[in-house]
Each structure stands twice: as structure tokens, then as C-alpha cells.
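If you're wondering where the values come from, they're calculated on a predicted model, not measured in any experiment. Position 1 is the first residue of the sequence; numbering continues from there. Computed from heavy atoms alone, side chains included, the values below leave out hydrogens, waters and symmetry copies.
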Amino acid sequence: MATSSEDNMRSRTQQSPLASQRARSSHPSEATRNQPRGYFPLGYKEGFSQWWQGMSPAVTEHTVLSYIPHLQKPPTHTQTGSAPPSASVSTMSVDKDPSREAAPITTSSLTDPYGPRRWHSNLVKLSGKNRFLNEFSVERVEEDVENNLVMLHGYGAGLGFFYKNFEALSRAPGWKLYALDMLGMGRSSRPTFKILAKDREAKITEAENWFIDALEEWRVKKGIDRFTLLGHSLGGYMAVAYALKYPGHLNKLILASPVGIPEDPYAVNADMPEPEDSTMANEFTQDQGSVINESNPDIPANPKSGDNNNFLNARKNAGKQEGSGTPPRKPLPKWLTYLWDANISPFSLVRWTGPLGPRLVSGWTSRRFSHLPPDEAQALHDYSYSLFRQRGSGEYALAYILAPGAFARSPLIRRIQGVGRQYLGLHTAPTPDTNTNSNATPETALTTQSSPSSPSPATAQQQQQQQQQGKRENGIPVVLMYGEHDWMDIAGGYAAEQKMNEEKEKALRNASAQEARADRGSAKVVVIKKAGHHVYLDNDRHFNEVMLEEMKETQQAERRRRAELEGGSAK
């Protein structure tokens, strides 16, 4: 039975955004019947009141984090890199008044059954003007930190969305957790996002570098050599990009419903899928109260019916249209593609509508958080609105990275085979090095970079020596997580798994027995039951269980690796 279920999930791609809704309308659940009616349930009066109040992101983040078990009073620094839309770039600054900094809070073993633990909120300054990353961390007191877990949120979100994961994951001995707001999002600083490149590929690379260079600079500042990286949605996309550009620093890569893996033939062509064919709509229409209480009626029964490398069955649909007399698919409306390419983000609408902004946001939050207790759902709505209304910055990268409808302009399926197989050295872009069985030299695959996040001279010199010696990574474990009701393409995850396994076979084709034993590359797909796109929140219990098991495996592997290095040094 388990094998049959996995085969069914393997064959599944994006669902029609209306299919699951039609099924639920035929068999409405109790959760569905209890949901408020209307697409924008927040009343005009309540919306105006929230807009007029204008709660700061620091206040709303603090409220969300107060729901962390055993942490009734979370540390929240009131410094912030965010700014309301009325503030100009030239006058924006981060208040470094010491009175606004947060002191770490330590929970005792008397009030914290899994403690003591130390919780800290911090704003980490990066090089350049107005560049900071908002950081929330938790570590176990009186224990050595053996491993670090870094968590990246999705598009337009913030670290507060992981509030149901911090406590459970920080029970793992020897681990320190970091959650970061990506540059230009959440409570991190919001510098002007501007692309200087002229050609298409260079624009994509520059947009990706904007985020991952900041992450690398943060790593260097924190003095972290190796860590496990967890990225959700757009954070997952950036996690892959980071692994490609900055090899040698990850001991595991965990991608939670990552965007941008599968290749879509319409993503960069004039003929785009019609709006109703884009399951990104499910992010706004899917009701989580129904998702967590029902099995998925749309998983196909035939495991052989799916295409393991498509998006919305685009290739299959395109094949049916060719020579069949079926008219070509209509393009997206010009106004929609114009708004997308002109960087008119969804959050721009929230800012432009003023007092109507909270009501617009309620159309998403009322469905996304419908499975949560009312007070938590309200806290997440307030948190979301307070972030969405901030001045636009990192959100404008979306048009360069994804085509309309969340189709990747540079699909990760073309690049993911390089994760864990890169030359150890400095890279200018998150692109895979030449294949392991090619005759290219590391000098042709790598070049030096110049960015605010360039490593220290000692580190750069060491990497340059490794480059000259032609050393590669010997693989890292990659885990791809998808929700049972995920609108993201799980078939793309299985295709990525296959591609990384094939790359491992190439790398070990002429390897010695010792090299084969030393290889740590692996890939697998995990399905989180009763969850949609936000797997970490929809079914936090299952997600946390899977994460703790992955962290345990990583800890054991890292201990073996360190023992091998010490044994080699002793010899």
C-alpha cells in the first residue's frame, strides 16, 4: 500500500485550481461549513481601523512569537530594517539605540521541560548602506553547538511563519537554530532593488545573487563553517542557488515545497497558460481548514499516467495540441503580463489601496490560516499585513526569477544536479560546474567574484588553493518536501531526485572504493500528510518529526566526518 501511495504521488503534478474545490463542494467538510463567507471577510470598518492603527512589524512579529510554547515573552528588538511606504530610501536608517536592542531570554528547566534554552532576536548588519538581516535564534544552554540549522521563508513572508517549528526543532541536542528574514523582506532592511544587467540570463543571475550574497555574508559574519539549510518556496529556490554558488558549506539541503524546479515550455514563450491553468491561484483560494481534514481526491490512480518533468502537464497538453486541430492556448492577458513584468507586485496593491489593504490581505489570510485557533490566525493576519505594507524591495526580484504564474525563467531542474558536486572555489553565479565526466579544468569552471559578501582573504586563498587542486564536493544529502495537497509540482521533485542520483552515478563511475565510501550525496522526496504548500505550518507535527529525524541523521554523519578528518590528520 505504501508503494502504491508513493507511486500515485510521484505521478501527480500541479492540480487544476478548481478541481479540489469542486470535490469539496460535493462533499463539504465541517471545517468548510464553518468558514466565513465572502472572499474578503474582514469588514470595511475593521480594515480601516487596522490601517489607521498601522501596527509595526516588530509588534506583530512579537505577538506571533509569543505563541511559541514555553516562551510567553519572546525577545523582540524594536530596531527594524523595514520602513513604511511613505519613507524614502535616502532618509531610511536603522535605529541603533541600545535601548531598542533585545537581550537574550533564557528559559529555565522549571518552566521549560525541554530546556534550558536561550532565545535571541537580532539585526545583523551587512556591508553597504541600509543592509541588515533580521535574525531569530534559539540554542540549548550548557551544550556545545555541533550543528546549525538555517531557515529561509518564502516570497514576501517572514521568519515568524516558522513559529510552530522553533520549539520542537530546538529540542535536538547539539543544534542551534537560526531563522532569517531574507534581504528586502520581513523585518530585514529594504534597500532599493535594481537590476543593472542587460541580457536575460544576466538579469536572472543578478537577482539571485542579490539574496544569496547577503546570506553568505551573514554566514561569514556569524563564523559558521557548515550548516543545514532549510528553504520554503522561494526560500527553497534561493537555497539551491546558494548551494551552487557557495559550495562546501552545507551538510544538508532541505527544500520545503520549493518553487521553480520543473521546466515549463510556456515560461519564456509568448503562448502562456491561461490564468485558470496556473495553480499559483491555489495559494489564494485553497482553504486550509479543508486541506488538513480531507484526503486528496485528485491524486491519480494510475502511477504511470504522469509526466515526471512537467508543470501543469504543459508538455502533455502541448503535444496534444500539435497536429490535433486544437487551437493554441490563449496567452495571458496583456494587462497581467504587463503588471508582472513591470514589477507591480501583489504587495503594491496592498499599499496602493490604503484603508482597503487589510481587507485585501484578509482574502488570503482567512483561507491560509483557517485551520488555526482564531487568536493565532488573527496574529498571523496582523503580521502579514504589517509586512505586506512595507516599502517594496526584495519582492521586485520575482519578475526576474519567475514568469507569470510562478514559472521559473531559469528552471532549477537544469541546475540542481550540480548541488553537492561543485568545485570548491569562488563562483560568480549559481550555475553548475561542468559535468563530472568532462575534460574541463576547474579554472574554466570558476572565477573570482567581487561583492559585499566576498569571504575574508584567508578563506579566499584557501578556496583558491582547492580550486587549483581541482577538488570537488563529494555530495550532500538533499530532501524535497511536498504537502499532500501541495499546488507546487511534486513531479518536479521526483525528476530532481532522479537527476541528482544520475549525477552521483557519473561521479562514482571511475571512483575508487574509498571515494565511493566518502561520497555523501543522496536525494529523496518526502510527502507531508494533510498539508498544502505551507508544509511547516499546515501539519507542523509531521513536518517537525521529519525534520528531527533529518537533523539526527545529519548529526551522526557530521560526527563521522569529523572523526575521519581527525583520523586523517593524525596519520
Side-chain angles (χ1 to χ4, degrees), residues 126-128 131 152 182-184 191 193-220 229 231 234-250 253 255 258-263 267-268 394 396-403 407-436 438 440-455 459-460 462-464 466-468 470-473 476 478 496 499-500 503:
L126 306 179
S127 61
R131 296 179 74 249
L152 299 180
M182 289 195 290
L183 186 64
F193 182 85
K194 187 176 182 181
I195 295 296
L196 303 177
K198 301 300 180 183
D199 64 277
R200 177 180 175 276
E201 292 300 326
K203 287 180 179 180
I204 297 172
T205 296
E206 188 175 348
E208 294 171 346
N209 286 346
W210 199 80
F211 295 100
I212 62 177
D213 287 353
L215 175 59
E216 172 64 3
E217 186 178 359
W218 172 86
R219 181 197 68 80
V220 173
L229 182 56
L234 183 66
Y237 179 103
M238 293 303 169
V240 174
Y242 177 87
L244 292 171
K245 184 172 181 180
Y246 294 103
H249 298 297
L250 297 185
L253 180 62
L255 308 175
V259 72
I261 286 184
E263 185 169 355
V268 293
Y396 296 134
L398 195 67
Y400 296 97
I401 294 169
L402 304 178
F407 306 96
R409 297 190 186 276
S410 178
L412 294 180
I413 194 64
R414 300 179 182 178
R415 300 185 273 167
I416 201 165
Q417 74 279 3
V419 171
R421 304 293 170 186
Q422 299 287 78
Y423 283 114
L424 291 169
L426 300 178
H427 293 64
T428 56
T431 55
D433 294 335
T434 51
N435 291 335
T436 53
S438 73
T441 63
E443 286 77 6
T444 62
L446 303 170
T447 57
T448 57
Q449 69 163 350
S450 57
S451 73
S453 58
S454 295
T459 304
Q462 181 183 16
Q463 290 183 330
Q464 188 174 12
Q466 292 173 329
Q467 171 186 338
Q468 292 171 352
K471 290 185 177 180
R472 281 185 183 269
E473 294 178 289
I476 61 172
V478 178
K499 197 162 185 180
M500 284 184 282
E503 193 69 15

Worksheet item: Residues in side chain to side chain contact (heavy atoms under 4.5 Å, CB included) with A197, at least two apart?
Response: I195, A202, K203, E206

Item to complete: Report the C-alpha distance between E473 and R421 in whole Å, list the side-chain angles of each, state the deciding distance to 0.1 Å, and finish with yes or no for side chain to side chain contact (heavy atoms under 4.5 Å, CB included).
Response: CA-CA 5 Å; E473 294 178 289; R421 304 293 170 186; 5.8 Å; no

Worksheet, complete the sentence: Hits for ring pair (Phe, Tyr, Trp, His ring centres under 6.0 Å) against Y237, two or more places apart or cross-chain, chain-then-number order -> none

Worksheet entry | Set of residues satisfying side chain to side chain contact (heavy atoms under 4.5 Å, CB included) with respect to T205, sequence neighbours excluded | N209, A429, P430

Worksheet item: Quick one: are V419 and L253 in side-chain contact, heavy atoms under 4.5 Å?
Response: yes

Worksheet item: When rounded to the nearest 0.5 angstrom, what is the spacing between CD in Q422 and NE2 in H427?
Response: 4.5 Å

Fill in: Contact check, side chains of L412 and P258, non-hydrogen atoms, under 4.5 Å
no

Discussion item. I want to check something: taking the side chain as every heavy atom from C-beta on, are R472 and P247 in contact at a cut-off of under 4.5 Å?
Written reply: no

Item to complete: State which residue, out of D213, V220, I212, fulfils the side-chain contact (heavy atoms from CB on, under 4.5 Å) condition with E216.
Response: V220

Discussion item. Rounded at 0.5 Å granularity, tell me how far NZ in K471 sits from OH in Y423.
Written reply: 13.5 Å

Item to complete: Determine, step by step, whether Y242 and R219 satisfy the side chain to side chain contact (heavy atoms under 4.5 Å, CB included) criterion, reporting the C-alpha distance in whole Å, the side-chain angles of both residues, the deciding distance to 0.1 Å, and the verdict.
Response: CA-CA 11 Å; Y242 177 87; R219 181 197 68 80; 3.3 Å; yes

Item to complete: Would you sort out whether V478 and M500 count as a side chain to side chain contact (heavy atoms under 4.5 Å, CB included), showing the intermediate values?
Response: CA-CA 9 Å; V478 178; M500 284 184 282; 3.8 Å; yes

Worksheet item: Quick one: do the E217 and S127 side chains pair a donor with an acceptor below 3.5 Å?
Response: yes

